[in-house]
Asks: 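Structure in structure tokens, see below.
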Amino acid sequence: CVALLEVDESLNLPDFRSGERTFQLLVQAAGRAGRNKDTGHVYIQTTGGHNELILKATHHDYEAFIQDEIIFRKRYAYPPFFKLALLEFSSLNENLLENYTDQLSNWLESYLEKNQEFSQTLRIQGPYKPGVERINKRWRKHILLRSENPRQIHELVSLIHENIKKKPSAIRFKIDIDPQSML
């Protein structure tokens, strides 16, 4: 017997892979419950019992899940159709972090306006607060870059990396190409 509690929590995480992870968890739990000679049981606690993803997982409908996931990822510019680069900034000083990431975002927008080859295929999202806003007393902000063209992502990340050397020392910076988690 397996009980999965508050499945809605994993579905509602601010991460484009939350549906995939939830589907995987549900199917894996059902598989583990059915390994014994006796019939296994899986209980799912959810407020959205008619959620399409949960219904597909309970029926082991991989094909339908994949079809929906492909449509979602293509529509909203996620992998495998787009390349991602997640820029993460953190600081103990929230105001310093806010000001710096706003300035960087403005610089990126003006750079894209001046360089039309980037602006037509590259998208910038943020700065925004991630799902987990503070870790170890450090405030965090993200900027997400998306492009169908991996070369453009790498060129822009290299340019950012060169210009980031001028950032205040109180701000930490990390680049994650094709991030596995957006949290």
Asks: Are Tyr100 and Pro168 packed together at the side-chain level, in the sense that at least one heavy-atom pair is separated by less than 4.5 angstrom?
Replies: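 Yes, side chains in contact.
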Asks: Please check: side-chain N/O of Ser105 versus main-chain N/O of Thr101, any donor-acceptor pairing under 3.5 Å?
Replies: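 Checked: no pair found.
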Asks: Compare all side-chain heavy atoms of Gln125 with those of Ile143 and state whether any distance is below 4.5 angstrom.
Replies: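 Counting from C-beta outward, Gln125 and Ile143 never come under 4.5 Å.
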Asks: Apply ring-ring contact (aromatic ring centres under 6.0 Å, His included) to Phe23 and list each qualifying residue two or more places apart in sequence or on a separate chain.
Replies: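 Listed in chain order: Tyr62, Phe65.
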Asks: Please tell me if the side chains of Lys137 and Leu92 come closer than 4.5 Å, counting only heavy atoms from C-beta onward.
Replies: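 Counting from C-beta outward, Lys137 and Leu92 do come under 4.5 Å.
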Asks: How many angstroms lie between atom CD of Glu94 and atom CZ of Arg138, to the nearest 0.5 angstrom?
Replies: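 It is 13.0 Å, given to the nearest 0.5 Å.
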Asks: If we ignore angles and hydrogens, is there a donor and acceptor under 3.5 Å between the side chains of Thr47 and Asp8?
Replies: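 Result is yes, a qualifying pair exists.
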Asks: Is the side chain of Ser91 donor-acceptor paired with the backbone N or O of Ala170 at a distance under 3.5 Å, no angle test?
Replies: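 Checked: pair present.
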Asks: Let me check something: do Leu84 and Leu86 share a hydrophobic cluster, defined by ILVMFWY side-chain heavy atoms less than 4.5 Å apart, either directly or through other members?
Replies: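 Shared cluster, yes.
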Asks: Are Arg75 and Ile71 close enough that some pair of their side-chain heavy atoms sits under 4.5 Å apart?
Replies: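 In short, these two side chains touch, coming nearer than 4.5 Å.
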Asks: How about Asp176 and Glu88: do any of their side-chain heavy atoms sit closer than 4.5 Å?
Replies: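 They are not in side-chain contact.
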Asks: Working to the nearest 0.5 Å, report the span between NZ of Lys167 and CD of Gln103.
Replies: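 If I round to the nearest 0.5 Å, the distance is 14.0 Å.
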Asks: Please report the C-alpha distance between Gln24 and Val27 in whole Å, then the side-chain angles of each, then the deciding distance to 0.1 Å, and finally whether the side chain to side chain contact (heavy atoms under 4.5 Å, CB included) criterion is met.
Replies: CA-CA 5 Å; Gln24 183 180 22; Val27 170; over 6 Å; no
Asks: Counting N and O atoms only, with roles assigned by atom type, does the side chain of Asp15 sit under 3.5 Å from a partner on the main chain of Arg17, one being a donor and the other an acceptor?
Replies: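 Pair found, side chain donor or acceptor close to backbone of Arg17.
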Asks: Does the side chain of Pro130 come within less than 4.5 Å of Leu183's, by heavy atoms?
Replies: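 No, side chains not in contact.
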Asks: Carefully, step by step, assess Ile175 and Ile160 under the rule side chain to side chain contact (heavy atoms under 4.5 Å, CB included).
Replies: CA-CA 10 Å; Ile175 300 172; Ile160 291 167; 5.6 Å; no
Asks: Kindly state each residue pair satisfying ring pair (Phe, Tyr, Trp, His ring centres under 6.0 Å) with at least one member in residues 146-183, sequence neighbours excluded.
Replies: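 For residues 146-183: Phe89-Phe173.
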Asks: Rounded to the nearest 0.5 Å, what separates atom CG in Leu55 from atom CG in Asp61?
Replies: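 With rounding to 0.5 Å, CG (Leu55) is 10.0 Å from CG (Asp61).
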Asks: Check the hydrophobic clustering (I, L, V, M, F, W, Y; side-chain heavy atoms under 4.5 Å; chains of links allowed) and say if Trp107 and Leu112 are grouped together.
Replies: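 Per the 4.5 Å side-chain linkage, Trp107 and Leu112 are co-clustered.
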Asks: Would you say the side chain of Thr22 lies within less than 4.5 Å of the side chain of Leu53, judging by non-hydrogen atoms?
Replies: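 When only atoms from C-beta onward are counted, Thr22 and Leu53 do touch, with a gap below 4.5 Å.
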Asks: First locate atom CG of Leu159, then atom CG of Leu108, and finally report the distance between them rounded to the nearest 0.5 Å.
Replies: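 Reported to 0.5 Å precision, the distance equals 8.5 Å.
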Asks: Verify the neighbour count for atom CZ of Arg21: are there more than 12 heavy atoms of other residues, nucleotides or ligands below 6.0 Å?
Replies: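 Atom CZ in Arg21 is packed in, count exceeds 12.
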Asks: Pick from Asn51, Leu5, Val7: which one makes a side-chain contact (heavy atoms from CB on, under 4.5 Å) with Ile44?
Replies: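 Running side-chain contact (heavy atoms from CB on, under 4.5 Å) over Asn51, Leu5, Val7 with Ile44 returns exactly one hit, Val7.
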Asks: When hydrophobic residues are tied together by side-chain contacts of less than 4.5 Å, even through go-betweens, does Met182 share a cluster with Leu13?
Replies: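 Each belongs to a different hydrophobic cluster.
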Asks: For a quick test of reading the model, state the closest non-hydrogen atom pair linking Arg73 to Pro79 and the distance between them.
Replies: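 Shortest heavy-atom contact: CD-O, 2.9 Å.
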Asks: Using the side chain to side chain contact (heavy atoms under 4.5 Å, CB included) rule, take Lys174 and Leu87 through it: C-alpha gap first, then chi angles, then the decisive distance, then the call.
Replies: CA-CA 6 Å; Lys174 180 172 76 172; Leu87 311 177; over 6 Å; no
Asks: Closer than 3.5 angstrom, by distance alone: can the side chain of Glu148 be matched with the main-chain N or O of Phe82 as a donor-acceptor pair?
Replies: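 Side chain of Glu148 to backbone of Phe82: no pair is present.
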Asks: Before you tell me yes or no, could you show the steps for Ile54 and Leu11 under side chain to side chain contact (heavy atoms under 4.5 Å, CB included), namely the whole-Å CA-CA distance, both residues' side-chain angles and the distance that decides it to 0.1 Å?
Replies: CA-CA 10 Å; Ile54 293 171; Leu11 274 175; 4.0 Å; yes
Asks: Between Leu97 and Ile135, is there shared hydrophobic-cluster membership here, with clusters defined by ILVMFWY side-chain heavy atoms closer than 4.5 Å?
Replies: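 Result: no, two separate clusters.
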Asks: Could you measure the distance from the CG atom of Asn149 to the NZ atom of Lys83? Nearest 0.5 Å is fine.
Replies: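 It is 10.5 Å, given to the nearest 0.5 Å.
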Asks: Not counting sequence neighbours, which residues clear side chain to side chain contact (heavy atoms under 4.5 Å, CB included) with Tyr76? List them please.
Replies: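 In terms of side chain to side chain contact (heavy atoms under 4.5 Å, CB included), with neighbours along the sequence ignored, Tyr76 is linked to Phe72, Tyr78.
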Asks: What's the separation between atom CD1 in Ile153 and atom CG in Leu122, rounded to the nearest 0.5 Å?
Replies: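 So the CD1 of Ile153 and the CG of Leu122 are separated by 5.0 Å.
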Asks: Would you check if the side chain of Arg140 reaches a backbone N or O of Glu133 as a donor-acceptor pair within less than 3.5 Å?
Replies: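 Not at all, since once roles are kept as given, no pair shorter than 3.5 Å links the two residues.
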Asks: Is the side chain of Arg146 donor-acceptor paired with the backbone N or O of Arg123 at a distance under 3.5 Å, no angle test?
Replies: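 Looks like no, no N/O pair under 3.5 Å.
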Asks: Less than 4.5 Å apart, side chain to side chain, heavy atoms only: is that true for Pro127 and Leu104?
Replies: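 Pro127 vs Leu104: side chains apart.
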